[in-house]
There are 2 protein chains.
Amino acid sequence: MTARRGGGPTMHDVGKLAQVSAMTVSRVLKNDPGVSEETRERVFAAVDRLGYRRNETARSLRLGGSGMIGLVVTNLANPFYSRLALGVQEVATEHGFRMLLSNSAEQAGREPGIIDGLIDHQVEGLIVVPAGSRQQHLAAAMRHVPVVLAARPPAGLDTDCVLVEDFHGAFEATACLLAEGHSRIAFLGNPPALYTGAERLRGFWAAHEEAGIEPDNALIHQGLVDAATAERAADELLDRPEGPTALFCTNNRISQGAIRALYKRGTVLPLAGFDDFDLSDVLGLPLTLVSYDADEIGRQAARLLIDRLHHQDAEPPASRRVTVPTRVIRHGARPGDHPSSAPPPGA
Amino acid sequence: MTARRGGGPTMHDVGKLAQVSAMTVSRVLKNDPGVSEETRERVFAAVDRLGYRRNETARSLRLGGSGMIGLVVTNLANPFYSRLALGVQEVATEHGFRMLLSNSAEQAGREPGIIDGLIDHQVEGLIVVPAGSRQQHLAAAMRHVPVVLAARPPAGLDTDCVLVEDFHGAFEATACLLAEGHSRIAFLGNPPALYTGAERLRGFWAAHEEAGIEPDNALIHQGLVDAATAERAADELLDRPEGPTALFCTNNRISQGAIRALYKRGTVLPLAGFDDFDLSDVLGLPLTLVSYDADEIGRQAARLLIDRLHHQDAEPPASRRVTVPTRVIRHGARPGDHPSSAPPPGA
DNA sequence: CTGTTAGCGCATTCAG
DNA sequence: CTGAATGCGCTAACAG
């Protein structure tokens, strides 16, 4: 019963049934005004009867544009990237584009192949969260279609990107802890080869300088890639005699690993970190989280890309850099042992 | 510098440069053995020099298969669905298919249009998590391509599906609470029009019958759609003088809403629910969670679909129903006020 | 081992 | 208002 490869009805079939040429069918489906109401109805009737659907593949070939944009993220299971994807899809849909999504699974080596595949499928543009720090394959991709980077800036590439206020967010959150009198704050960070890692460390450091406090290098632990490695790093730091009095984590997974380490040993320590996450408000921990709208990163990236797609004939404008703002969210510690009844303080 | 619509080099261009016909280029790129090593190298050189990429759109048109399958989920921001999507992509990639992903945003009304669009783009098959209970549009889609349902069963449709052990999981988790002596367990459920909602209530109810306990209808609250509505429902239940002594929640978002309600009033109540979630182990609440591998749902669905794609010529086999197993995870309450040092009990 | 012919389904261009 | 011819980029099928 199901149609087979190359088996569905074509415009010719519809035309035959409606007693017109394929050309007229094409016009009707395109809402071309130059068709009589009468034939128009006959065509629609035939379309319905056959369950005809226009072949967008053939249409793309003829028109020279697929109507698709590609999105490459590093980890769709991370809510950050799934929100970003939703933002991209929202704007893409508004502008009549479909989104072709691929996940690089944080393996930088897979990214070039993924991108080549998307280009082969005639995406008209790409939004990429680069998995690694080498970007020559992106330069190659730009020979075919416009590329917009998300969450990480171009390195040796001239193209648009959408970033979070990494430095500023890290600065602010760290400053909160420092203002409360903490001077031994541990830094749990992702690999510094990643832009976000480096930039957030810079903010952490700058906040210390501004407060006239020298960060202790022994408390800085970079290169963490997931909650498990973060948990081990936090374990190690917390076991020291001269341990930290507060923690700073550069992303949601690292925060979660650190929280698990704290929970295991029954320690309550103020924790600051990038990315808000589900249930952060009910952990009963003093949290200072740098929050931002991940959907908005996707929306902005899609807007930059589609804008370029609409002005492809013109001289390409200078590359743009858009920044999505952060704001600090604070959650209080659980008031008592079993909290009595008061909601946690803080905004 | 970037290539424009219909602007990239074609096989003819490559052929001209390599001094062969387009046909030979096609053969080289397809790894056809019948080409001399010499010309093969010339062709590859020309490909490199031009940055040539084969046009998969044209190829699809000619070959009659796009190499794409469509996935429609209801809410990509829910980790359940993003994991499912990763599972689909994993298997799809193994078999040389790409995944075209769309999000229906839980709006059943958008689903038909989304599916039509995917069919227009020549997906060879569809995996759908139906947003609503009406499925005629899926019957229409099946006229074009095979359709596999995920997480929800077909209603009046003859097709494959992959389900979770909804009944069994709900039964087991409820039985745990009952075995601990709870007889007033509140049920916080999604709309019963959804299969999962109905089935999980059935499991909840059956566990009560098995234990010889009559569930209190006043404690059953269905129709919850997100964490916020669940929180309000839990608020209402917990404020009653004759409130529940434990809660059962039918999915992760409802659990999170209920947990927030508990936290607000400083109440510690055993909570059972479907779906494990991040940090469930560090909340210090007695949790009984029905966990399962969401990726596996996606993998199985993709396998069923691709299996059908590979046997399209043959008589279509009877529709299959695959079930993904659940297991119950238990987390203990936080030992003391500030936990001293013992990790929480439970597996 | 390589080239020529023809056509996948559609839409632009030009005739009527 | 409608139709016929032509070609988008690619590849089976058939020459040579």
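We name chains A, B, ... by the order of the sequence lines, and we start the count at 1 in each one.
- One atom, CE of B/M23, and another, P of C/dG7, lie 16 Å apart when rounded to the nearest Å.
- Among the heavy atoms of the strands, none lies under 4.0 Å from A/S60.
- In this structure, B/S66 contributes its side chain and B/S60 its backbone to no donor-acceptor pair below 3.5 Å.
- Dashed line: the shortest gap from a side-chain N or O of A/S26 to OP1 or OP2 of C/dA11 is under 4.0 Å.
- The shortest distance between the side-chain N/O atoms of B/K30 and the OP1/OP2 oxygens of D/dC10 is not below 4.0 Å.
- Using a 4.0 Å heavy-atom criterion, one finds that A/M11 contacts the sugar-phosphate atoms exclusively.
- For C/dG9, its base never sits under 3.5 Å from the side chain of B/R62 at any donor and acceptor pair.
- Environment of CD in A/E37: crowded, with over 12 heavy atoms of neighbouring residues, nucleotides or ligands closer than 6.0 Å.
- If you measure from atom CG of B/L29 to atom P of D/dC10, you get 9 Å, rounded to the nearest angstrom.
- Here the P atom of nucleotide C/dG9 and the NE2 atom of B/H144 are 13 Å apart, to the nearest Å.
- At the heavy-atom level, A/R27 lies under 4.0 Å from base atoms of the strands shown.
- Here the P atom of nucleotide C/dG7 and the CG atom of A/L61 are 17 Å apart, to the nearest Å.
- The 5' end of DNA chain C is approached more closely, in terms of each residue's nearest nucleotide, by B/P33 than by the other of B/A58 and B/P33.
- Look at CZ on A/R54: it is 17 Å from C1' on C/dC8, rounded to the nearest Å.
- A donor-acceptor contact shorter than 3.5 Å links the side chain of B/S104 to the backbone of B/V73.
- For the pair A/D32 CG and C/dA11 P, the interatomic distance rounds to 11 Å; values are reported in whole Å.
- Spacing between atom CG of A/D13 and atom P of C/dC8 amounts to 11 Å, rounded to whole angstrom units.
- When the shell of 6.0 Å around CZ of B/R134 is examined, it contains 12 or fewer heavy atoms from other residues, nucleotides or ligands.
- At the phosphate of D/dC8, neither OP1 nor OP2 sits under 4.0 Å from any side-chain N or O atom of B/T10.
- Distances from the side chain of B/V20 to the nucleotides D/dT2, D/dG9, C/dG3 place C/dG3 closest.
- The phosphate of C/dC8 has neither OP1 nor OP2 within less than 4.0 Å of any side-chain N or O from B/R59.
- Distance, A/K16 NZ to D/dG3 C1': 17 Å, rounded to whole Å.
- Side-chain N/O atoms of A/T57 include none lying less than 4.0 angstrom from OP1 or OP2 on C/dC10.
- Of the side-chain N and O atoms in B/S36, one or more sit less than 4.0 angstrom from OP1 or OP2 of C/dT2.
- Between the A/H144 side chain and the B/G51 main chain, a donor and an acceptor come within less than 3.5 Å of each other.
- At C/dG3, one or more side-chain N or O atoms of B/T24 fall inside 4.0 Å of OP1 or OP2 (strictly under the cut-off).
- For A/Y52 and C/dC10, the shortest distance from a side-chain N or O to OP1 or OP2 is below 4.0 Å.
- When atom types are taken as modelled, the side chain of B/D13 and the backbone of B/T10 share a donor-acceptor pair closer than 3.5 angstrom.
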